[in-house]
Amino acid sequence: MDKDDTDTLFALKHLHSLKPSSITIVGGGGGRIDHLLGIFSLLKTDLAPNIWITGREIIYRVSGLFSLKDFLGSSISVFPLDKDVCSINSYGLKWDLDSVDWKYKSIGISNYVQLEDGWIDSGNNQILIIIPINRKCFE
């Protein structure tokens, strides 16, 4: 059958029609680069899930304050989703995010959570926070 939407996008459109308070997807993220780029494009839309748990990582789509309390000792990556320059503040990471001139194409790959009371605050800006599943707090 020919279709314009991926199965994931079709499911997300249906879920949004039900007006849930949040959406979590479990699964996917498995391999083809075209699917990876499609997922990244999807995460930039209003249809994106709040949390996406793949076989290797947890992807959080957030704006505002995000607590790092449960991620002590984990690596963490941050990607801004807004097209304008945005300000991201942090506390408890190995490399502070406050001094970075965050733009749509900026990346913050492989930072490290050093303090249990750490946090990231993106204000009103949408960001992705990606944390690998194989970290200490999941043992």
Side-chain angles (χ1 to χ4, degrees):
M1 176 174 84
D2 293 335
K3 58 186 178 173
D4 291 330
D5 293 338
T6 65
D7 293 338
T8 303
L9 186 55
F10 179 76
L12 284 168
K13 285 180 178 181
H14 174 71
L15 287 170
H16 276 276
S17 73
L18 302 175
K19 302 193 183 317
S21 60
S22 68
I23 296 174
T24 298
I25 293 178
V26 178
R32 289 177 41 186
I33 191 70
D34 57 335
H35 285 217
L36 175 64
L37 293 171
I39 288 169
F40 187 70
S41 294
L42 172 65
L43 288 168
K44 295 184 287 184
T45 72
D46 291 337
L47 294 173
N50 306 85
I51 301 170
W52 195 323
I53 303 170
T54 74
R56 295 182 182 169
E57 59 271 317
I58 303 175
I59 304 165
Y60 297 91
R61 185 175 188 265
V62 299
S63 66
L65 189 63
F66 183 84
S67 172
L68 299 174
K69 179 182 177 194
D70 296 326
F71 306 111
L72 180 64
S74 178
S75 68
I76 185 170
S77 297
V78 178
F79 296 84
L81 293 175
D82 293 326
K83 293 189 178 190
D84 297 326
V85 175
C86 67
S87 173
I88 301 175
N89 297 306
S90 66
Y91 173 75
L93 296 175
K94 184 171 184 176
W95 295 283
D96 188 18
L97 303 180
D98 299 11
S99 61
V100 178
D101 183 21
W102 290 97
K103 296 179 183 169
Y104 177 62
K105 296 178 183 177
S106 298
I107 58 173
I109 295 179
S110 298
N111 208 324
Y112 184 76
V113 180
Q114 290 187 302
L115 300 173
E116 186 176 357
D117 58 345
W119 48 262
I120 296 173
D121 188 357
S122 66
N124 293 326
N125 301 294
Q126 292 285 328
I127 63 171
L128 292 181
I129 297 175
I130 302 173
I131 299 174
I133 287 177
N134 64 345
R135 62 184 206 286
K136 192 187 325 187
C137 63
F138 275 145
E139 293 177 352

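S63 meets the side-chain contact (heavy atoms from CB on, under 4.5 Å) test with S122, Q126; sequence neighbours excluded. Take I51 and apply the side-chain contact (heavy atoms from CB on, under 4.5 Å) test, not counting sequence neighbours, and it matches T24, I53, I58, Y60. Legend: residues meeting side-chain contact (heavy atoms from CB on, under 4.5 Å) with S110, ordered by chain and number and at least two apart, are absent. Scanning for side-chain contact (heavy atoms from CB on, under 4.5 Å) contacts around L115 gives Y91, D117, with sequence neighbours left out. Residues that satisfy the side-chain hydrogen bond (donor to acceptor under 3.5 Å, both in side chains) test with K94, not counting sequence neighbours, are absent from this structure.
Hydrophobic cluster membership of W95, counting Ile, Leu, Val, Met, Phe, Trp and Tyr whose side-chain heavy atoms lie under 4.5 Å apart directly or via other members: none, as it forms a cluster of its own.
Scanning both residues, S74 and I131, for their nearest heavy atoms gives OG-CG2, 3.2 Å. The shortest heavy-atom contact between L47 and L42 is CB-CD1, 4.4 Å.
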Derivation and outcome, side-chain contact (heavy atoms from CB on, under 4.5 Å), residues I25 and I59: CA-CA 10 Å; I25 293 178; I59 304 165; over 6 Å; no
Test side-chain contact (heavy atoms from CB on, under 4.5 Å) on I76 and I120 and set out the steps. CA-CA 11 Å; I76 185 170; I120 296 173; 3.8 Å; yes
Evaluate the side-chain contact (heavy atoms from CB on, under 4.5 Å) criterion for residues R61 and L128: first the C-alpha distance (whole Å), next the side-chain angles of each, then the deciding distance (0.1 Å), finally the verdict. CA-CA 5 Å; R61 185 175 188 265; L128 292 181; 4.0 Å; yes
Working note: F71 + I129, criterion side-chain contact (heavy atoms from CB on, under 4.5 Å); need CA distance, chi angles, decisive distance, verdict. CA-CA 12 Å; F71 306 111; I129 297 175; over 6 Å; no
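For the pair I127/F66, no side-chain contact is recorded, criterion being any heavy-atom separation below 4.5 Å from C-beta on. By the 4.5 Å heavy-atom criterion applied to side chains, P49 and L43 are counted as neighbours.
The closest donor-acceptor contact from the side chain of N111 to the backbone of S77 lies at 3.5 Å or more, if one exists at all. Checking side-chain atoms of D98 against main-chain N and O of S90 turns up a donor-acceptor pair under 3.5 Å.
The stretch residues 8-21 participates, sequence neighbours left out, in these side chain to side chain donor-acceptor pair (under 3.5 Å) pairs: D5-K13.
Hydrophobic cluster membership differs between L97 and Y112, with clusters built from Ile, Leu, Val, Met, Phe, Trp and Tyr side chains linked at under 4.5 angstrom. Cluster annotation: L65 is not connected to L81 through the hydrophobic network of ILVMFWY side chains, with a link wherever side-chain heavy atoms come within less than 4.5 Å.
We find the OG-CH2 distance between S67 and W119 to be 11.0 Å, quoted to the nearest 0.5 Å.
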